[in-house]
**Q** 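Got a structure for you, written out below as structure tokens; questions coming shortly.
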Protein chains: 2
Amino acid sequence: MIELDKFFKSPFTVDNVIFGFDEGDLKVLLIKRGEEPFKDEWALPGYFVNENEDLDSAAKRVLAELTGIKNVYLEQVNTFGAVDRHPLGRVITVAYYSLIKISDYNLHASSIAINAKWHSIAKLKYLAFDHFKILMACFQRLKNRVRERPVGFELLPPKFTLTQLQHLYEAILETNLDKRNFRKKILSMNLLLDLNEMQEGVAHRPARLYQFDKMKYEQFLAEGYVFDLSGSKNKSSKKKSKKSV
Amino acid sequence: MIELDKFFKSPFTVDNVIFGFDEGDLKVLLIKRGEEPFKDEWALPGYFVNENEDLDSAAKRVLAELTGIKNVYLEQVNTFGAVDRHPLGRVITVAYYSLIKISDYNLHASSIAINAKWHSIAKLKYLAFDHFKILMACFQRLKNRVRERPVGFELLPPKFTLTQLQHLYEAILETNLDKRNFRKKILSMNLLLDLNEMQEGVAHRPARLYQFDKMKYEQFLAEGYVFDLSGSKNKSSKKKSKKSV
DNA sequence: CCTATTTAGTGTAAAATTGACACCAGCCCT
DNA sequence: AGGGCTGGTGTCAATTTTACACTAAATAGG
């Protein structure tokens with residue numbers, strides 16, 4: 001019987017990359033650290049995992065402790081384990097990401113966070129530790145996700161216009177989309193509920209407001225699965241895609 | 001200044017999911033453990049990470065030590081950290097996967113492995129620890145990869161027929177593909193080098209042999225990138241895909 | 001040697017999807 | 001009333017995807 005104590009042990013952390021969307025800008029939630037190392041610098045909200053805690057639970061807990069944000073779905077992206085990534089010694093970190101509606105949450109910095117704020121991703125150049133690298137890895141994941149399935153509704157207010165939704169996609173994909181084609185496609189997915197309401201108080205023609213239809217989304221995922229995986233009964237049909245990144 | 005020793009520490013391991021393809025069957029490389037826990041049971045080739053070792057290096061080293069396989073590209077998939085996933089105490093594990101040509105490598109079990117063998121994935125039901133779960137996660141990743149870009153050549157002998165290639169895709173995607181459409185598409189990618197050689201000694205019309213063209217593959221990846229991300233100069237073009245899983 | 005068996009190899013047409021593109025509508029402001 | 005701004009809409013060409021069936025070339029076995 002082996003003894004676990006023979007083996008090298010290290011502490012490990014979770015780091016959260018929380019994306020939000022506001023004022024046409026894709027943002028990420030950062031904390032200002034009140035603790036060395038990297039005291040007073042901006043970093044991802046992350047901290048050490050406790051003894052009796054799953055990684056997923058730890059990510060949730062840490063996020064709540066540092067920023068006040070609760071009840072978000074976090075998806076694991078990657079684990080970073082370079083020997084020297086932490087100045088005080090070896091620390092492995094597991095990165096998680098999520099998308100949330102900025103307006104749904106109040107930020108409340110506590111624990112080692114002396115501040116918690118949304119930052120425009122486009123403007124960021126540097127973060128504490130290897131957090132910039134982690135951010136970029138998660139951003140890449142987000143880009144891939146968004147072209148596989150309709151994510152992104154999480155980032156908008158409950159009632160939104162098609163133009164807002166388009167801007168969101170453009171921010172995530174870092175590209176420009178054709179208005180007519182975008183609308184055609186997004187509407188054809190039947191994931192939007194037309195609220196028959198209009199924007200008010202804007203200095204231009206008011207836009208129609210929509211809501212995300214969660215029920216149809218589940219349906220979509222279910223079908224989508226069968227869709228791409230099943231051929232016809234026998235001789236068949238599927239192909240792997242040719243271009244697309 | 002914080003002291004890392006205050007925090008909970010645990011050992012951590014890497015586990016490798018190595019896919020191979022042989023006799024029309026998608027296989028995974030397993031070891032029989034010669035050490036408790038799960039002595040004499042089949043498991044993924046994995047072991048503890050050392051103090052001065054990156055995760056990626058550890059994965060490579062462990063794979064070589066247990067199975068004799070060297071020089072493979074390993075991609076990180078996921079980290080599993082359930083509190084009770086290891087019967088002797090907490091152990092976090094980072095899962096890696098790779099694709100290799102079975103015939104290119106000689107298996108040589110050593111260290112805690114008393115055997116190393118290829119197993120058909122379709123027949124597997126159970127593995128030591130949570131390794132079955134890990135295997136499934138990596139299999140899913142493989143399926144996703146294969147529809148994004150032409151992986152899979154790694155799994156075939158240096159000279160292969162289009163039918164072999166098709167069977168490989170069918171095994172990975174767990175579906176049936178149309179012969180004519182498959183050939184049309186794969187040939188149009190210009191990734192195959194026609195060797196102008198024929199199969200010999202088969203009891204049917206001999207098939208043409210092909211080779212994978214690595215140079216064109218690099219080209220393909222480079223172009224592919226620009227391809228899907230760029231719109232035209234201004235008003236634009238890109239869309240997120242609608243179906244496809 | 002003739003036949004049966006097995007896998008290799010090939011083309012086309014219909015359907016669906018994608019991509020490019022330009023103008024009028026409706027609100028506020030001055 | 002007009003200017004400024006964003007919302008909203010349709011079509012056509014090009015490309016991609018899918019479905020589908022027969023002949024060719026080798027060996028095996030009588």
Side-chain angles (χ1 to χ4, degrees), chain A residues 23-24 147 159-167 169-170 173 175-189 192 194-210 223-224 226-245, chain B residues 23-24 147 159-170 173 175-189 192 194-210 224 226-245:
Chain A
E23 300 159 19
R147 67 182 72 213
K159 301 176 179 186
F160 53 85
T161 70
L162 292 183
T163 302
Q164 286 177 313
L165 183 59
Q166 183 178 342
H167 287 335
Y169 273 90
E170 290 177 338
L173 294 173
T175 188
N176 295 311
L177 304 173
D178 179 79
K179 184 162 54 157
R180 279 185 284 200
N181 291 339
F182 179 81
R183 283 160 187 249
K184 215 184 306 172
K185 191 168 244 171
I186 204 83
L187 288 176
S188 78
M189 290 186 198
L192 297 185
D194 186 341
L195 292 170
N196 284 311
E197 289 177 55
M198 295 293 174
Q199 264 183 325
E200 281 172 29
V202 287
H204 55 77
R205 175 173 175 181
R208 195 163 273 274
L209 293 171
Y210 291 85
E223 282 171 27
V226 182
F227 220 40
D228 206 353
L229 279 185
S230 79
S232 14
K233 61 246 127 188
N234 194 308
K235 319 212 59 176
S236 182
S237 70
K238 262 317 45 37
K239 297 303 337 310
K240 66 250 130 330
S241 87
K242 170 174 156 196
K243 53 172 174 210
S244 80
V245 112
Chain B
E23 300 158 19
R147 68 182 72 211
K159 302 175 181 187
F160 52 85
T161 69
L162 293 184
T163 302
Q164 286 176 311
L165 184 58
Q166 181 178 342
H167 287 337
L168 168 59
Y169 273 90
E170 290 176 338
L173 294 174
T175 187
N176 295 312
L177 304 173
D178 179 80
K179 183 162 54 157
R180 280 184 286 198
N181 293 339
F182 179 81
R183 283 160 187 249
K184 215 182 309 172
K185 188 169 246 171
I186 204 84
L187 288 175
S188 77
M189 290 188 200
L192 297 185
D194 186 340
L195 292 169
N196 284 312
E197 291 178 53
M198 295 293 175
Q199 265 181 323
E200 279 173 30
V202 286
H204 54 79
R205 174 173 175 179
R208 193 163 273 275
L209 293 171
Y210 292 86
V226 183
F227 220 40
D228 206 355
L229 279 186
S230 78
S232 15
K233 62 243 127 193
N234 194 307
K235 316 213 59 176
S236 136
S237 71
K238 263 315 46 34
K239 295 304 334 315
K240 67 252 130 332
S241 88
K242 171 173 155 194
K243 53 173 174 209
S244 83
V245 110

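Throughout, protein chains are lettered first and strands after them, A, B, ... in sequence-line order, and every chain is numbered starting at 1. Only a predicted model underlies this, so the values are computations on that prediction, with no experimental measurement involved.
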**Q** What is the separation between atom NZ on A/Lys184 and atom P on C/dT17, rounded to the nearest whole Å?
**A** 12 Å

**Q** Going by heavy atoms closer than 4.0 Å, what residues in residues 159-167 of chain A are next to DNA chain C?
**A** none

**Q** Report the distance from atom CG of A/Asp178 to atom C1' of C/dA22, rounded to the nearest whole Å.
**A** 11 Å

**Q** Does A/Lys184 have any salt bridge (Lys or Arg N to Asp or Glu O under 4.0 Å) partners at least two apart in sequence or in another chain, and if so, which?
**A** none

**Q** From CE of A/Met189 over to P of C/dT17, roughly how many Å is that when rounded to an integer?
**A** 11 Å

**Q** Testing A/Leu192, A/Asp178, A/Thr163 one by one against A/Arg183 for a side chain to side chain contact (heavy atoms under 4.5 Å, CB included), which residue passes?
**A** A/Thr163

**Q** What residues form a side chain to side chain donor-acceptor pair (under 3.5 Å) with B/Thr161, not counting sequence neighbours?
**A** none

**Q** Give the rounded distance in Å between these two atoms: CZ of B/Arg183 and P of D/dA21.
**A** 17 Å

**Q** What is the nucleic acid contact for A/Arg208, judged by heavy atoms within less than 4.0 Å: base, sugar-phosphate only, or nothing?
**A** sugar-phosphate

**Q** Between side-chain atoms of residues 200-210 of chain A and protein atoms elsewhere (two or more places apart, or another chain), which donor-acceptor pairs fall under 3.5 Å?
**A**
unit_1, atom_1, unit_2, atom_2, d
A/Arg208, NH1, A/Asp194, OD1, 3.2
A/Arg208, NH1, A/Asp194, OD2, 3.0
A/Arg208, NH1, A/Asn196, OD1, 3.2

**Q** Check side chain to side chain contact (heavy atoms under 4.5 Å, CB included) between A/Gln166 and all other residues, then give those that pass, not counting sequence neighbours.
**A** A/Glu170, A/Leu177, A/Lys179, A/Phe182

**Q** Name the closest nucleotide to the B/Arg180 side chain, picking from C/dT10, D/dG10, D/dG8.
**A** C/dT10

**Q** Rounding to an integer number of Å, can you tell me how far A/Leu187 CG sits from D/dG8 C1'?
**A** 11 Å

**Q** Using whole Å, report how far CG of B/Asn176 lies from C1' of D/dA19.
**A** 15 Å

**Q** Distance check needed: D/dT6 P versus A/Glu200 CD, whole Å only.
**A** 19 Å

**Q** To the nearest angstrom, how far is B/Lys185 atom NZ from C/dT12 atom P?
**A** 20 Å

**Q** Between B/Gln164 and B/Lys159, what is the shortest heavy-atom contact and its length?
**A** OE1-O, 4.3 Å

**Q** For nucleotides 22-30 of chain D, just jot down a letter per nucleotide in 5' to 3' order: B, S or -, based on protein non-hydrogen atoms under 4.0 Å.
**A** --BBBSS--

**Q** Output the distance between atom CD1 (A/Ile186) and atom CG (A/Leu165), rounded to the nearest 0.5 Å.
**A** 5.0 Å

